[in-house]
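Quick caveat: nothing in here was measured; it's all calculated off a predicted structure. Sequential numbering from 1 along the given sequence is applied to the chain's residues.
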Amino acid sequence: MAVLGSPGHHRRRLARADAATRSRCVMSACPPFDRLLVLPRLRVQNANAISSPLTHGFPSMTAFVGLMWALQRKTHKLGLDLSFSAVGVVCHDYEEQISESGFVRRFRLTRNPIDKDGSTAAIAEEGRIHLELSLVFAVRSERWDREPDRVDVDLATVAELVAGMRIAGGSPVLSPRTSSWRQRPYLVNLAGTEDDQRAVFRHARYRLLPGFALVARDDLLETRLNELRRHDLAASPLDAWLSLVRIDWRHEPATDAAGGKGEWRNDRRGRGWVVPIPVGYGALGGVQAAGTVANARDAATPFRFVESLYSVGEWISPHRITSPEQFLWYADSRPDEGRYRCRNDYRPMQDSSASALEHDFD
């Protein structure tokens with residue numbers, strides 16, 4: 001896959017994301033919600049595997065935030081009293097449509113039908129991936145408080161709406177490998193005190209196993225940047241990002257007197273399943289008035305040219321998540337600053353022994 005732009009161009013992207021990371025704790029927080037609406041074990045075919053000009057694999061979280069917004073518009077049109085605050089994704093299985101030849105991987109491309117004049121149509125490079133995932137929406141609804149008997153009907157309506165929508169460009173299908181009761185939507189009520197909410201979520205998270213949830217690890221990017229600048233003051237956020245997403249091998253000579261062969265070691269041990277991810281978009285210019293940009297999708301909406309912003313994420317098992325906010329993603333739009341990105345409030349546990357006691361089956 002081609003990499004677009006110059007190294008300086010990508011450094012500006014990472015610098016913007018790095019500046020946004022430094023202020024996230026003060027200026028952003030997950031919107032309030034009181035329930036989790038779970039659509040479990042959805043099978044999605046041919047989702048978009050090219051999540052940005054620099055990354056491929058699992059779709060970008062911006063695609064799932066966009067799905068949440070589109071779903072909210074559809075539910076409001078049907079008269080459902082639902083307010084969507086954030087979305088979380090747990091991946092149970094995936095199959096990227098690629099062919100492998102040694103260390104080289106190529107997308108499996110499809111040839112389009114011939115043109116009107118009988119000539120061969122051009123092949124448009126597009127990455128596709130099959131997914132089995134669970135969608136978790138953070139919602140609020142006053143109607144469900146007044147009419148609890150409407151919950152099952154509304155859940156069925158939401159599931160039917162999602163079945164007819166695109167999920168990251170892919171099509172939801174009924175999986176023959178998954179029984180219907182496992183795909184039935186359900187609700188997790190987070191009423192009560194904070195301790196009550198944690199107890200309810202502690203039980204609910206096990207229903208998402210086995211699988212992995214994607215969380216933001218902006219803290220790793222800042223930590224690695226500080227480490228690099230101890231040795232090189234010119235190190236940039238792009239250097240830190242690249243050092244986190246690759247595997248660096250080094251040879252350590254033998255220390256014994258016999259003079260053994262030594263050992264090869266890499267820097268990924270103990271780091272977790274860390275991956276590069278796009279987290280949103282940064283503006284390239286000002287906002288253009290609606291209808292002034294030719295060939296825009298919507299002539300009634302203001303237009304702005306943007307580029308991708310990058311950070312790093314980590315895939316973790318749901319049983320390691322202690323609160324729903326830790327794996328939910330929400331929008332943090334700041335037009336005045338030219339940033340439109342997704343946020344996640346994951347914080348790693350500082351005491352690893354406490355985690356081991358809580359999950360003794362690890």
Side-chain angles (χ1 to χ4, degrees), residues 31 33 35-51 57-97 110 112-113 124 126-141 143-144 147 149-188 207-208 211 213-214 296-301 327-331 342:
F33 59 93
R35 293 174 175 87
L36 296 178
L37 194 163
V38 185
L39 301 178
R41 303 286 177 171
L42 295 176
R43 183 72 177 174
V44 182
Q45 285 189 344
N46 295 327
N48 181 22
I50 304 180
S51 53
F58 195 80
S60 171
M61 289 306 302
T62 57
F64 295 101
V65 174
L67 169 70
M68 177 184 70
W69 286 340
L71 181 59
Q72 177 165 279
R73 289 193 294 267
K74 289 180 178 292
T75 55
H76 284 186
K77 188 177 296 185
L78 293 179
L80 273 66
D81 177 28
L82 277 178
S83 176
F84 291 78
S85 302
V87 59
V89 181
V90 178
C91 183
H92 306 286
D93 193 12
Y94 69 94
E95 182 185 352
E96 191 173 15
Q97 300 303 290
T110 58
N112 298 323
E126 56 181 7
R128 296 173 291 114
I129 186 172
H130 299 336
L131 300 168
E132 184 177 338
L133 47 81
S134 293
L135 296 176
V136 182
F137 296 103
V139 300
R140 303 179 70 182
S141 175
R143 180 182 181 181
W144 287 348
E147 305 175 40
D149 56 326
R150 291 288 307 177
V151 171
D152 292 338
V153 177
D154 290 348
L155 287 181
T157 302
V158 171
E160 185 177 355
L161 288 174
V162 172
M165 300 174 65
R166 291 282 187 171
I167 300 178
S171 303
V173 296
L174 181 62
S175 175
R177 300 180 303 172
T178 307
S179 56
S180 59
W181 68 267
R182 296 191 68 186
Q183 291 184 315
R184 189 175 304 157
Y186 61 91
L187 202 66
V188 179
R207 298 184 65 176
L208 299 173
L214 183 63
R297 290 186 177 181
D298 186 357
T301 303
F327 82 112
L328 293 174
W329 292 78
Y330 56 94
C342 298

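With a 4.5 Å cut-off on side-chain heavy atoms, L42 and P172 do not count as touching. A 4.5 Å side-chain heavy-atom check between S83 and Q72 finds at least one atom pair inside the cut-off. Counting heavy atoms from C-beta on, the side chains of S134 and H92 come closer than 4.5 Å. The side-chain heavy atoms of Y94 and L131, taken from C-beta on, include a pair separated by under 4.5 Å. Counting heavy atoms from C-beta on, the side chains of V87 and L67 never come closer than 4.5 Å.
Remark: the backbone N or O of S171 is not paired with any side-chain donor or acceptor of Q45 at under 3.5 angstrom. With hydrogens and angles disregarded, no donor-acceptor distance shorter than 3.5 Å links the side chain of H76 to the backbone of D81. The backbone N or O of V89 sits nowhere less than 3.5 Å from a side-chain atom of W329 that would complete a donor-acceptor pair.
Smallest separation of non-hydrogen atoms from S51 and S60: CB-N, 3.6 Å. The two residues P59 and A168 come nearest to each other via the heavy atoms CB-CB, 3.6 Å. In this structure, A86 and Y330 approach most closely via the heavy-atom pair CB-CB, 4.0 Å. In terms of heavy atoms, Q183 sits closest to V173 at NE2-O, 4.5 Å. Closest approach of G57 and I129 over heavy atoms only: O-CD1, 3.9 Å. Here the shortest heavy-atom pairing between L208 and V90 reads O-CG1, 3.7 Å.
Aromatic ring orientation, F137 versus F84: perpendicular (interplanar angle above 60°, classes split at 30° and 60°).
Atoms SG and CG, on C342 and L328 in that order, are 12.5 Å from each other to the nearest 0.5 Å. In this structure, CD1 in I50 is found 10.5 Å from CZ in R128, a value given to the nearest 0.5 Å. Atom CH2 in W144 sits 5.0 Å away from atom CG in L187 (nearest 0.5 Å). A distance of 6.0 Å separates CZ in R43 from CG in D93, rounded to the nearest 0.5 Å. Residue L133 holds its CG atom at 5.5 Å from CZ of F64, rounded to the nearest 0.5 Å.
Residues that satisfy the side chain to side chain contact (heavy atoms under 4.5 Å, CB included) test with R73, not counting sequence neighbours, are W69, A70. With sequence neighbours excluded, the residues that form a salt bridge (charged side-chain N to carboxylate O under 4.0 Å, His left out) with D154 are R150. For R166, there are no salt bridge (charged side-chain N to carboxylate O under 4.0 Å, His left out) partners two or more places apart in sequence or in a different chain.
Other residues, nucleotides and ligands contribute only 12 or fewer heavy atoms inside 6.0 Å of the CZ atom of R207.
Looking at T75, L37, L82 one by one, the single match for side-chain contact (heavy atoms from CB on, under 4.5 Å) with S141 turns out to be L82.
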> Given H130 and N46, is the side-chain contact (heavy atoms from CB on, under 4.5 Å) satisfied, shown in steps?
Replying inline: CA-CA 5 Å; H130 299 336; N46 295 327; 3.1 Å; yes

